[in-house]
There are 2 protein chains.
Amino acid sequence: MAEPNSVGIVTAQTAHFDQPLTLMSGAVLPAYDLTYETYGRLNADKSNAILICHALSGHHHVAGRHRLDDKSPGWWDNMIGPGKPIDTNRFFVVGVNNLGGCHGSTGPSTINPDTGKPYGSRFPLVLVADWVNAQARLADYLGIQQWAAVVGGSLGGMQALRWSISFPERIRHSIVIASAPKLTAQNIAFNDVARQAILTDPDFHGGDFYEHHTVPKRGLRLARMLGHITYLSDDGMGEKFGRMLRSGEYKYGFDVEFEIESYLRFQGDRFSGTFDANTYLIMTKALDYFDPARHYEHSLSKALEQAKARFLVVSFTSDWRFSPARSKEIVKALLDAKKHVSYAEIESAHGHDAFLMDDKPYHDLMRAYMTNIAKECAA
Amino acid sequence: MAEPNSVGIVTAQTAHFDQPLTLMSGAVLPAYDLTYETYGRLNADKSNAILICHALSGHHHVAGRHRLDDKSPGWWDNMIGPGKPIDTNRFFVVGVNNLGGCHGSTGPSTINPDTGKPYGSRFPLVLVADWVNAQARLADYLGIQQWAAVVGGSLGGMQALRWSISFPERIRHSIVIASAPKLTAQNIAFNDVARQAILTDPDFHGGDFYEHHTVPKRGLRLARMLGHITYLSDDGMGEKFGRMLRSGEYKYGFDVEFEIESYLRFQGDRFSGTFDANTYLIMTKALDYFDPARHYEHSLSKALEQAKARFLVVSFTSDWRFSPARSKEIVKALLDAKKHVSYAEIESAHGHDAFLMDDKPYHDLMRAYMTNIAKECAA
């Protein structure tokens with residue numbers, strides 16, 4: 001039975017790129033693959049394409065299911081589909097797994113053609129600007145000269161922002177959700193603890209654990225547990241878990257006692273069994289390094305001067321990882337640079353994770369904004 | 001050369017207790033030692049004694065130095081000494097290392113007389129109420145029938161609060177600083193990640209690492225790094241470290257790049273070389289379990305009905321580990337129970353660590369409050 005408003009069964013595709021890509025670090029990727037999915041149809045003048053950029057643990061599988069019996073749909077299935085806020089009846093939507101990822105695109109677990117072994121520790125660090133460059137090549141490949149919009153939450157929002165600076169002519173709308181113009185010391189600190197958990201796991205083997213037939217699960221599990229704390233709000237966690245005990249009584253031991261412990265350990269266990277530890281490191285470094293103002297005398301408004309897109313910036317009241325104040329820094333810089341920007345601060349108890357939820361005011365806003373973009377495409 | 005306002009060179013003492021102590025868990029400690037220090041002189045009617053309760057990583061060495069060439073004085077030396085807010089010219093001050101600690105009092109690294117080996121995994125979990133019971137025996141031992149005040153920050157504040165419930169006749173003032181009536185789900189979550197880091201360290205050996213001649217340094221280091229993030233405020237960390245790079249340039253690797261990484265790793269390294277991992281686990285569990293309202297129909301005001309002490313509750317604006325809102329819960333419960341309470345919310349950028357700092361408004365407040373207590377003693 002077909003799900004209503006679903007894009008249905010989808011299949012990932014892979015594009016191969018032979019032209020070397022010089023990264024911001026100076027390293028060069030001689031060739032690489034990008035795995036992507038598309039939903040909806042590209043219109044005749046190719047003006048209705050939307051790029052979805054993923055966050056730390058995301059990928060190209062944004063909507064629909066790969067098989068009928070898939071347990072879960074793509075990670076943003078509540079946002080994208082026929083009749084949904086990003087309406088696939090109107091838009092041609094592209095999801096892509098970023099370079100360094102572990103879901104099909106070239107990354108640390110990919111076989112390095114030079115050695116016949118996984119890249120592992122040899123895979124270079126990639127920055128948000130590198131991802132955007134690679135995404136631009138994918139756009140070329142798909143025949144898309146200009147995106148109607150580039151959309152992303154969190155680290156994905158940073159890509160949407162970067163697009164407006166790197167390729168001002170190729171993006172009409174930049175939709176930056178639950179994001180920040182750069183990380184704070186506290187943000188970096190959390191990332192560093194997560195990285196140290198992985199790097200010091202004896203099973204990590206300097207990043208070449210594939211050859212040792214080990215997986216640094218302990219470290220990755222801790223990293224994910226910690227991450228989850230920062231994705232939820234204190235209040236939201238309190239409402240959902242509070243001080244609830246699994247058995248109703250103190251057990252005076254180190255096994256799971258509180259429900260919140262059970263939740264975190266479950267999330268950590270599941271993630272550490274499926275995600276690549278090197279990819280996790282790369283993603284957190286891309287977050288730390290993101291700072292588009294850095295080469296513009298540390299002025300974000302200067303960095304944004306060349307942008308031609310219109311912007312929608314969205315934040316959530318209970319998000320303490322990237323609080324509304326961080327979004328307002330972006331809005332302020334855009335206003336200083338005399339750009340066209342809409343801003344909404346959405347009331348939500350879901351913390352940073354709110355960008356993945358379907359709180360009605362949030363989806364209503366997205367629907368309204370996307371409807372206006374659709375009108376431009378038709379005009 | 002003597003330091004001004006210092007208690008000078010101090011020596012720790014140890015009291016041995018042969019009477020078995022039944023813990024809240026039902027476990028029994030047949031005998032135990034408590035290591036303590038005292039500063040100042042007990043007056044004739046023994047009415048000027050102050051108990052200082054330590055937090056997670058603290059101990060009995062609160063003020064002064066053990067040797068002239070000690071690098072650092074006791075952990076609360078800025079608060080305690082002749083002429084300082086807790087004035088040793090007026091008060092007899094007692095610092096004690098809690099049961100389960102690793103600074104002299106009986107704990108997991110102590111030799112278990114039954115086995116001739118360190119207790120390790122056999123050491124029972126101890127609760128805040130257990131510490132208070134043990135501290136009461138130390139008071140008996142020192143001939144102190146009633147404390148002029150019990151004072152503590154963070155986990156130490158929980159002990160000060162518990163004293164007023166467990167021994168209403170034996171405490172005249174309870175001074176509860178940067179504390180909370182119980183942990184939130186988020187607080188427990190951070191503790192659980194820290195514990196999991198230790199428990200899953202291959203060098204932990206189920207708590208019996210002493211026999212394996214290993215130390216779970218990796219886990220303890222991560223736990224401490226994470227802890228430090230929660231002790232500092234986002235803004236304070238931003239002011240001190242921001243996005244400062246050690247070398248001024250991105251290095252595109254996993255070695256230390258940002259100053260905040262350097263700070264955290266240094267703190268983690270130092271701590272993991274000196275602190276006992278089992279003690280860390282015990283202390284975090286005592287935090288999780290603390291919930292004096294639990295046996296009073298989850299009403300803190302009911303729990304406090306029997307209290308006879310006067311209370312001073314202090315919080316700090318930028319403390320997000322135990323925010324002012326948590327202190328206000330205590331104040332509200334005390335008011336509901338018609339107790340005498342003073343409350344101060346101190347403006348500070350130091351986060352949770354502010355209780356250890358010497359911000360002037362904080363020390364002025366403490367000095368004023370302690371001066372009034374001193375007048376009672378003299379009267």
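Throughout, protein chains are lettered first and strands after them, A, B, ... in sequence-line order, and every chain is numbered starting at 1. Since the structure is predicted, the reported quantities are computational estimates derived from the model, not experimental observations.
Only the side chain of B/Glu257 comes within contact range of chain A, with heavy atoms under 4.5 Å apart. Contact annotation for B/Lys240: neither backbone nor side-chain heavy atoms come within less than 4.5 Å of a heavy atom of chain A. Using a 4.5 Å cut-off between heavy atoms, B/Leu23 makes no contact with chain A at all. When heavy atoms are compared at a cutoff of 4.5 Å, B/Leu226 approaches chain A by way of both its backbone and its side chain. For a residue to count as touching a neighbouring chain, one of its non-hydrogen atoms must lie under 4.5 Å from one of that chain's; by this rule B/Tyr263 does not touch chain A. For B/Asn191, no part sits under 4.5 Å from any heavy atom of chain A, backbone or side chain. For A/Glu249, the parts lying under 4.5 angstrom from a heavy atom of chain B are both the backbone and the side chain. The contact between B/Leu264 and chain A is made entirely by side chain atoms (from C-beta outward), counting heavy-atom distances below 4.5 Å. Proximity to chain A (any heavy atom under 4.5 Å) is shown, for B/Leu183, by both the backbone and the side chain.
Judged by distance alone, with hydrogens and angles left aside, the side-chain atoms of B/Tyr289 form a donor-acceptor pair with the main-chain N or O of A/Tyr252 at under 3.5 Å. Judged by distance alone, the side chain of B/Arg243 and the main-chain N or O of A/Ala185 form no donor-acceptor pair under 3.5 Å.
Taking the ring axis of A/Tyr250 as reference, the NZ or CZ atom of B/Arg294 stays within 45° of it and closer than 6.0 Å to the ring centre.
Counted within 6.0 Å of NZ on A/Lys328, heavy atoms from surrounding residues, nucleotides or ligands total more than 12; the atom is thus considered enclosed. A 6.0 Å sphere centred on CE of B/Met357 holds more than 12 heavy atoms belonging to other residues, nucleotides or ligands.
The closest side-chain heavy-atom distance from B/Gln186 to A/Trp320 is below 4.5 Å. Counting only heavy atoms from C-beta outward, the side chains of A/Arg218 and B/Pro202 approach each other to under 4.5 Å. Between A/Glu261 and B/Asp288 there is a side-chain heavy-atom pair separated by less than 4.5 Å. A heavy-atom distance below 4.5 Å is not found between the side chains of A/Thr184 and B/Met237.
Between chain B and the options A/Gly268, A/Gly236, A/Gly253, A/Gly238, heavy-atom pairs under 4.5 Å are most frequent for A/Gly253. By number of non-hydrogen pairs under 4.5 angstrom with chain A, the leading residue of B/Asp201, B/Leu232, B/Leu127, B/Asp291 is B/Asp291. Per-residue heavy-atom pair counts under 4.5 Å with chain B were compared for A/Leu199, A/Asn187, A/Val256, A/Thr200, and the maximum is reached by A/Thr200. Of the listed residues (B/Leu281, B/Ile260, B/Ile229), the one with the most heavy-atom contacts under 4.5 Å to chain A is B/Ile229.
Side-chain contact annotation: A/Arg221 with B/Gln196, donor-acceptor N/O pair under 3.5 Å present.
With respect to B/Arg265 and A/Asp192, a salt bridge is recorded, a charged nitrogen being found less than 4.0 Å from a carboxylate O.
Separation of atoms CZ (A/Phe190) and OG1 (B/Thr230) is listed at 7.5 Å; rounding is to 0.5 Å.
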